[in-house]
Every structure is written in structure tokens, then in C-alpha cells.
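Order of appearance sets the numbers: ligands from 1, and atoms from 1 within every ligand. Computation of the quantities below employed the complete heavy-atom set of this structure, encompassing side-chain atoms and omitting hydrogens, waters and symmetry-equivalent molecules.
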Amino acid sequence: MIPPDHPRYRSLMTRERLAAAARDGVLAMEGLTAHGRGEAFDYLIGERTTGSALLAERTAAALLLSARHPVISVNGNTAALAAPEIAALQKASGAIVEVNLFHRTEERVRLIEELLTRAGVEVFSGTAERLLPLSHDRAWCRRDGMYAADVILVPLEDGDRCEALVKMNKTVIAIDLNPLSRTARAASITIVDELTRAVPEIARACRELDVGERERLVSRLDNHYLLAEAIREITLRLRACSG
Ligand code: ATP
Ligand code: MG
């Protein structure tokens with residue numbers, strides 16, 4: 001039992017959730033260590049949505065709304081942490097939701113699709129093919145799903161698939177707490193924020209943005225600036241803590 005007045009209640013509860021998801025077979029064990037790396041960076045940014053992250057979230061919403069074929073790619077961590085939030089984002093953005101896993105088994109795909117469906121997501125499933133130019137199982141996807149996407153949201157992505165998707169001329173929106181990761185550097189736009197804070201903000205912006213604001217946000221997109229700001233926020237915080 002974790003007492004609600006514990007100073008790290010939220011983080012401890014999240015860990016419990018992920019551990020349960022691993023026991024249920026939704027999350028690969030490796031997903032737990034990926035979360036740990038994320039938590040460390042969340043500490044450094046102060047466990048809050050920074051100004052530049054909010055700008056990135058609003059720009060991501062603008063990109064999804066302007067897309068011809070927007071897709072949200074869901075892995076085990078995303079399903080375990082944010083299934084209802086993904087359902088709300090799908091409603092607000094009109095995007096296709098498709099499961100894509102690094103540690104892929106048919107059984108895990110099925111479990112995650114069921115979890116998402118229970119949370120209200122309309123899951124794009126069907127026969128997957130090895131369509132992406134990758135030597136690991138992230139290559140598996142559906143021809144009319146993420147293979148055809150022009151804009152793709154990839155929470156907690158690995159760097160090489162991110163690079164492959166960009167090479168295929170897709171606009172790639174990453175959510176990654178680590179502004180130094182290959183994913184963060186390779187994406188068209190990186191949201192340096194925690195998944196469960198980021199997804200509801202993107203959904204909110206989808207509901208709020210008018211066409212003029214959308215166009216302005218998309219035309220001013222500068223991932224270099226967003227990453228530099230994220231690193232600057234971390235530096236400021238470290239300096240404040242050390243001073
Ligand atoms: P790369 O190959 O891009 O350099 P990596 O090997 O560091 O990435 P992985 O371990 O493949 O990354 O994926 C985990 C990434 O997701 C980490 O960079 C981590 O910071 C981030 N991450 C983990 N949990 C969360 C979360 N809840 N919200 C946002 N980002 C997260
Ligand atoms: Mg990686």
C-alpha cells in the first residue's frame with residue numbers, strides 16, 4: 001500500500017501500474033527500464049510542463065489537425081500509462097491508433113489492442129506486414145495505417161525507427177523526456193514532457209486551435225529551438241539547485 005500523502009505518491013503509483021502491466025504481459029520488462037530513464041529526465045525538468053513543451057504540444061496538435069492521414073503509434077508503455085488519454089486524443093484529432101512494438105509478439109499486440117479498446121480507443125488492426133526499413137520488429141505495421149501516414153505521433157520511440165520514418169518523408173512527432181536522445185534529435189518535432197502530461201495537452205489544443213493558429217504554429221515549427229529550450233530549462237534548474 002502506498003499512502004496518498006507520500007511525497008512521491010504519483011511516481012510510485014505509476015511504477016505500480018507499470019509493474020502490473022509487465023506482470024499482465026502488456027509491457028515488456030525492458031519497458032520498465034525505459035520508464036526509469038524517463039523519470040530521471042523528468043526530475044531534471046522539474047516534473048512539470050515547461051513553456052517550450054507547451055508550445056511543442058500545441059504545434060503537435062496543429063500538425064495532427066492539418067494532416068491527411070494522421071496516425072498515433074502505441075507501444076506497451078503508452079498503453080499501460082495513458083490508454084484513456086489516447087482515446088481522448090483520438091476523438092479530438094481524428095487520428096488512427098495502431099500498435100507498434102519493439103518487443104513484439106502476436107500475444108502482446110492482442111493484449112494491448114484489447115486494453116486500448118476497453119479504454120475507448122478505436123484500434124486500427126488487421127494484418128501487419130514487414131514494411132518499414134528496419135531489421136527489428138518495429139518494422140511490422142499495416143499498409144493503410146502507419147505505412148500510409150503523413151503525420152505520425154510516436155510516444156517513447158526508439159531512435160532508429162524515428163529516423164526511418166523521417167526518411168520516408170513523414171512528419172514525426174516524438175514525446176521524449178530526454179532531449180539528448182537520438183529520437184529527440186531525429187524527430188520533426190519533439191515534445192520534452194511526460195507522456196501523461198503531454199497527451200491531454202495535445203488533445204486540449206486540438207479542441208481549441210482555429211485554422212489561423214494552426215497555420216501559424218506549423219509555419220513556425222523549429223525543433224532545434226524546442227530542444228535548445230528544453231536543455232536551457234534543465235540547466236537553469238540545475239543552476240538554481242546548486243546555487
Ligand atoms: P534513442 O534510441 O532515441 O537514443 P533511448 O534508447 O534512450 O533512445 P529508449 O530506451 O528506446 O530510448 O526509449 C525510452 C525513451 O523514452 C527515453 O529517452 C525516455 O526518456 C523516454 N521516456 C520514458 N518514459 C517516458 C514517459 N513516461 N514520458 C515521456 N518520455 C518517456
Ligand atoms: Mg533506444
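- Here is the list of ligand 1 atoms found below 4.0 Å of a heavy atom in Asn178: 18 (O), 20 (O).
- For ligand 1, the polar-atom distance check finds no N/O of Ala184 at less than 3.5 Å from any of the ligand's N/O atoms.
- The atoms of ligand 1 that sit less than 4.0 Å from any heavy atom of Ala34 are 10 (O), 14 (C), 19 (C), 23 (C), 24 (N).
- Here the CZ atom belonging to Arg182 is positioned 7.5 Å from the CG atom belonging to Asp158, to the nearest 0.5 angstrom.
- Salt bridge status for Glu113 with Arg110: absent, with no side-chain N to carboxylate O gap under 4.0 Å.
- By the criterion of a heavy-atom distance under 4.0 Å, neither the backbone nor the side chain of Thr33 is placed next to ligand 1.
- Backbone and side-chain nitrogen or oxygen atoms of Glu157 are examined, and none is located within less than 3.5 angstrom of a nitrogen or oxygen of ligand 1.
- A salt bridge between Asp137 and Arg108 is absent, with no side-chain N of the basic residue lying under 4.0 Å from a carboxylate O of the acidic one.
- Near Gly159, the atoms of ligand 1 lying under 4.0 angstrom from a non-hydrogen atom of the residue are 1 (P), 2 (O), 3 (O).
- Nearest residue to atom 5 (P) of ligand 1 from Arg185, Arg37, Glu163, Glu30 is Arg37 (criterion: closest heavy atom).
- Of the candidates Ile191, Asp193, Asn75, the one placing a heavy atom closest to atom 29 (C) of ligand 1 is Asp193.
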Dump the intermediate steps for side-chain hydrogen bond (donor to acceptor under 3.5 Å, both in side chains) on Glu157 and Ser73, then the final yes or no. CA-CA 9 Å; Glu157 186 53 75; Ser73 173; 4.7 Å; no
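- Of the polar atoms of Asp158, none of the N or O atoms is found under 3.5 Å from an N or O of ligand 1, judged by distance alone.
- When the heavy-atom distances from atom 25 (C) of ligand 1 to Leu195, Leu156, Asp176, Val199 are ranked, the shortest goes to Leu156.
- Considering backbone and side-chain atoms alike, Leu81 places every N or O at 3.5 Å or more from each N or O of ligand 1.
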After noting the C-alpha distance and the side-chain angles of Glu106 and Arg104, does the key distance pass the salt bridge (Lys or Arg N to Asp or Glu O under 4.0 Å) rule? CA-CA 7 Å; Glu106 287 299 330; Arg104 186 179 199 279; 3.1 Å; yes
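- Here Glu213 pairs with Arg58 in a salt bridge; the nearest charged N to carboxylate O distance falls below 4.0 Å.
- Taking CG from Asp160 and CG from Leu132, the interatomic distance works out to 10.5 Å, rounded to the nearest 0.5 Å.
- In summary, of the residues considered (Arg237, Arg8, Arg10), a salt bridge (charged side-chain N to carboxylate O under 4.0 Å, His left out) with Glu47 occurs for Arg8 alone.
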